[in-house]
Amino acid sequence: MSESFEIEVKQHQALWIFTTHGYINNQGGDVIKEKYDESYNGGARKFLLNLADSKIINSIGVSILIEILEKTIEAAGELAFCNCAPIVEKTFTIMGITRYAKIYRTEEDAVKAMS
Amino acid sequence: MSESFEIEVKQHQALWIFTTHGYINNQGGDVIKEKYDESYNGGARKFLLNLADSKIINSIGVSILIEILEKTIEAAGELAFCNCAPIVEKTFTIMGITRYAKIYRTEEDAVKAMS
Amino acid sequence: MPKEPDRVVELILPMLPDMEIAATRTAEAVAEMMQLDADKTAEVSMALIEACLNSFEHSQSVDRKVFITFRVAGDELQIILKDHGVGFDPTQVEAPVIEKKLHSGARKRGWGLRLMESMMDSVKFESGPDGTTITMIKKK
Amino acid sequence: MPKEPDRVVELILPMLPDMEIAATRTAEAVAEMMQLDADKTAEVSMALIEACLNSFEHSQSVDRKVFITFRVAGDELQIILKDHGVGFDPTQVEAPVIEKKLHSGARKRGWGLRLMESMMDSVKFESGPDGTTITMIKKK
Ligand SMILES: Nc1ncnc2c1ncn2[C@@H]1O[C@H](COP(=O)(O)OP(=O)(O)O)[C@@H](O)[C@H]1O
Ligand SMILES: Nc1ncnc2c1ncn2[C@@H]1O[C@H](COP(=O)(O)OP(=O)(O)O)[C@@H](O)[C@H]1O
């Protein structure tokens, strides 16, 4: 709600990890896109979004995630998600996003597989 | 809500410690009263209620707490609370309960003072 | 783009166990909209719980509903809670005193109105044979 | 003691940012009343968020309100959401396909109806110049 959306960015070798906090709506999506663009412009091509603390999303927010997914695919990069709440995973599955982005159970699993 | 109220009972020397989980309404109050009566009938006279996980209460629930407070005072015993949410402490203060029952910040503080 | 709507949320609840908690959930969402702090939000919820429980328990309303309007106006949250019950005279309600309650045989209940008044900045009762309307205000 | 009321909760929300979250809070309270499990409750909330956002964004309703009725009947949760907007023809809405969306220049949006239909057991639209009514059902 009015509690603002937050995001932390960290780097593990070539992998950029974004940890989100809060509702992924249009504003939340825009914040993710902004951080994504910054690291993309710095040369990053491998991205992991840890959504453990984003248990509410909406289709406007997710459409922004599709934008960054498209950009990643076009650059022959890789984008994945981890720690998704069941409803988030279900949403990504319904939309077909899971055909283009892997979902890992934990951040550790993701880092291991993507490094 | 429909999630049921729970209570854990433990003993530290002569002090009986009840840790509550959930809404202290009429049902929650009844559960506390039942556990209180059991230990009272076994001879207990010193009681501590840890309310850390009961952030919602209502006046019906609190009126049951007044019953056990009365019974404790009549037996020259001692009843105290700890880890109260601000709203719970405020409620007890408004009602005057804090004149007859101490409120400790932590369980550790309470155990130290009451042992 | 049409003009911005008033910040008013209306909720109609059935008089059923735990429905007072549904009222607090809505109150919390409205409180967030006006960025009321956590302590004040909890105080609003407590007052609302007591107001709902009174209607549930005492109103004898036949439609078994409470009608709640939340209105944010500037820095104020106004809550109007109505039931279509038998009403009561708040001036005839005895003020509760803990020393009296702590005597054996005394009714321990009777704290609802006191709590509502203490938790809110103002509480007004209008009550008669068509029911009870409580208007409560909390300032930011 | 009057008879038990129907398990119906009514909510009227202003079309304001984040008010869809207020709708989910009420839905959660109703879901708890019928002991709907956590996953299904989250699915109901997601469908409700999408339905609200559509009314907020597309209805052009002049009163800027959505009217939501939650009804528990046996093992079913029925949600009726109305706006007094311009309406639309759901049969004319193109089904979204991720492969098309992933092409540059493509509109990424257009998932709301799909999500609502996938999250609920049934979704029915009635829409015309007086507005849109969506009836959604979730079974326990
Ligand atoms: N909505 C209402 N309709 C009818 N009577 C009410 C209502 N609210 C309060 N009352 C009356 O006022 C009295 C005091 O209420 P309250 O202070 O909340 O204490 P309690 O509910 O514990 O008795 C109630 O016992 C009841 O007689
Ligand atoms: N309540 C409504 N009032 C008017 N039009 C609506 C309503 N709900 C949906 N629509 C129309 O249906 C379209 C598809 O909606 P949806 O699948 O939710 O995707 P999106 O909102 O992202 O466009 C909208 O773009 C809009 O034209």
Side-chain angles (χ1 to χ4, degrees), chain A residues 1-5 22-33 36-37 40 51-79 81 84-103, chain D residues 13-14 16-28 31 36-58 93-121 123 138:
Chain A
M1 309 256 331
S2 45
E3 283 154 44
S4 58
F5 182 88
Y23 183 19
I24 304 185
N25 55 7
N26 45 342
Q27 284 107 16
D30 282 343
V31 173
I32 296 172
K33 174 95 168 69
Y36 170 93
D37 284 343
Y40 183 98
L51 304 184
D53 197 30
S54 288
K55 293 184 171 53
I56 311 182
I57 59 176
N58 71 32
S59 69
I60 310 182
V62 180
S63 70
I64 300 173
L65 299 182
I66 296 178
E67 277 180 48
I68 69 175
L69 179 57
E70 179 194 324
K71 194 160 164 177
T72 308
I73 293 171
E74 280 178 357
E78 194 181 347
L79 180 103
F81 300 95
C84 297
I87 188 66
V88 173
E89 182 159 351
K90 181 163 179 157
T91 300
F92 289 173
T93 305
I94 291 166
M95 295 172 68
I97 289 179
T98 45
R99 295 204 291 274
Y100 298 91
K102 280 221 172 83
I103 298 192
Chain D
L13 292 176
L16 286 171
D18 289 333
M19 275 295 104
E20 72 277 14
I21 300 297
T24 68
R25 297 269 188 275
T26 308
E28 282 160 18
L36 198 66
D37 73 35
D39 282 354
K40 290 188 178 182
T41 300
E43 288 159 21
V44 167
S45 290
M46 181 88 205
L48 198 51
I49 285 174
E50 295 300 323
C52 287
L53 290 177
N54 275 347
S55 290
F56 293 9
E57 253 199 318
H58 305 302
V93 175
E94 200 187 340
V97 178
I98 189 72
E99 283 68 23
K100 286 196 195 164
K101 302 284 182 194
L102 283 172
H103 278 190
S104 71
R107 183 172 183 262
K108 309 302 178 216
R109 299 278 309 277
W111 297 96
L113 304 186
R114 161 69 55 87
L115 286 172
M116 288 161 56
E117 280 163 349
S118 305
M119 296 297 173
M120 302 298 281
D121 289 301
V123 181
K138 188 76 175 179

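Letters A, B, ... mirror the listed sequences (proteins, then strands); counts begin at 1.
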In terms of heavy-atom contacts, A/S63 and D/R109 come closest through OG-CD, 3.2 Å
For A/E70 and D/K101 the tightest heavy-atom approach is OE1-O, 3.8 Å
Most contact-rich option vs chain A, by heavy-atom pairs under 4.5 angstrom, among D/R107, D/E57, D/E43, is D/E43
For A/G96 and D/I98, the nearest pair of non-hydrogen atoms, with its separation, is O-CG2, 3.9 Å
Applying a strict 4.5 Å limit to non-hydrogen atoms, the region of A/Q27 in contact with chain D is neither
Bottom line for A/L65: the part with an atom under 4.5 Å from chain D's heavy atoms is neither
Can you list the steps and then say if D/D39 with A/K90 is a side chain to side chain contact (heavy atoms under 4.5 Å, CB included)? CA-CA 10 Å; D/D39 282 354; A/K90 181 163 179 157; over 6 Å; no
- Task: Show the numbers, then the answer: is there a side chain to side chain contact (heavy atoms under 4.5 Å, CB included) between D/W111 and A/V62?
- Result: CA-CA 9 Å; D/W111 297 96; A/V62 180; over 6 Å; no
Interatomic distance, CD1@A/I87 vs OG1@D/T41, rounded to 0.5 Å, equals 10.0 Å
With sequence neighbours left out, the residues meeting side chain to side chain donor-acceptor pair (under 3.5 Å) with A/E78 are none
Looking only at A/I97, A/N25, A/T91, A/L69, the option with the highest number of non-hydrogen pairs under 4.5 Å against chain D is A/T91
Check your understanding: Checking side chain to side chain contact (heavy atoms under 4.5 Å, CB included) for the pair A/M95/D/L115: CA distance, chi angles, key distance, verdict?
Key -> CA-CA 8 Å; A/M95 295 172 68; D/L115 286 172; 4.2 Å; yes
The ring pair (Phe, Tyr, Trp, His ring centres under 6.0 Å) partners of A/F81 (sequence neighbours excluded) come to A/F92
Within residues 46-53 of chain D, the residues sitting under 4.5 Å from chain A by heavy atom, in sequence order, are D/M46, D/I49, D/E50, D/L53
Turns out that what part of D/S45 lies under 4.5 Å from chain A's heavy atoms comes down to neither
For D/K100, the salt bridge (Lys or Arg N to Asp or Glu O under 4.0 Å) test, sequence neighbours excluded, returns D/E94
Taken to the nearest 0.5 Å, the spacing of D/L102 CG from A/Y100 OH works out to 6.5 Å
Applying a strict 4.5 Å limit to non-hydrogen atoms, the region of A/N26 in contact with chain D is neither
Turns out that what part of A/I73 lies under 4.5 Å from chain D's heavy atoms comes down to side chain
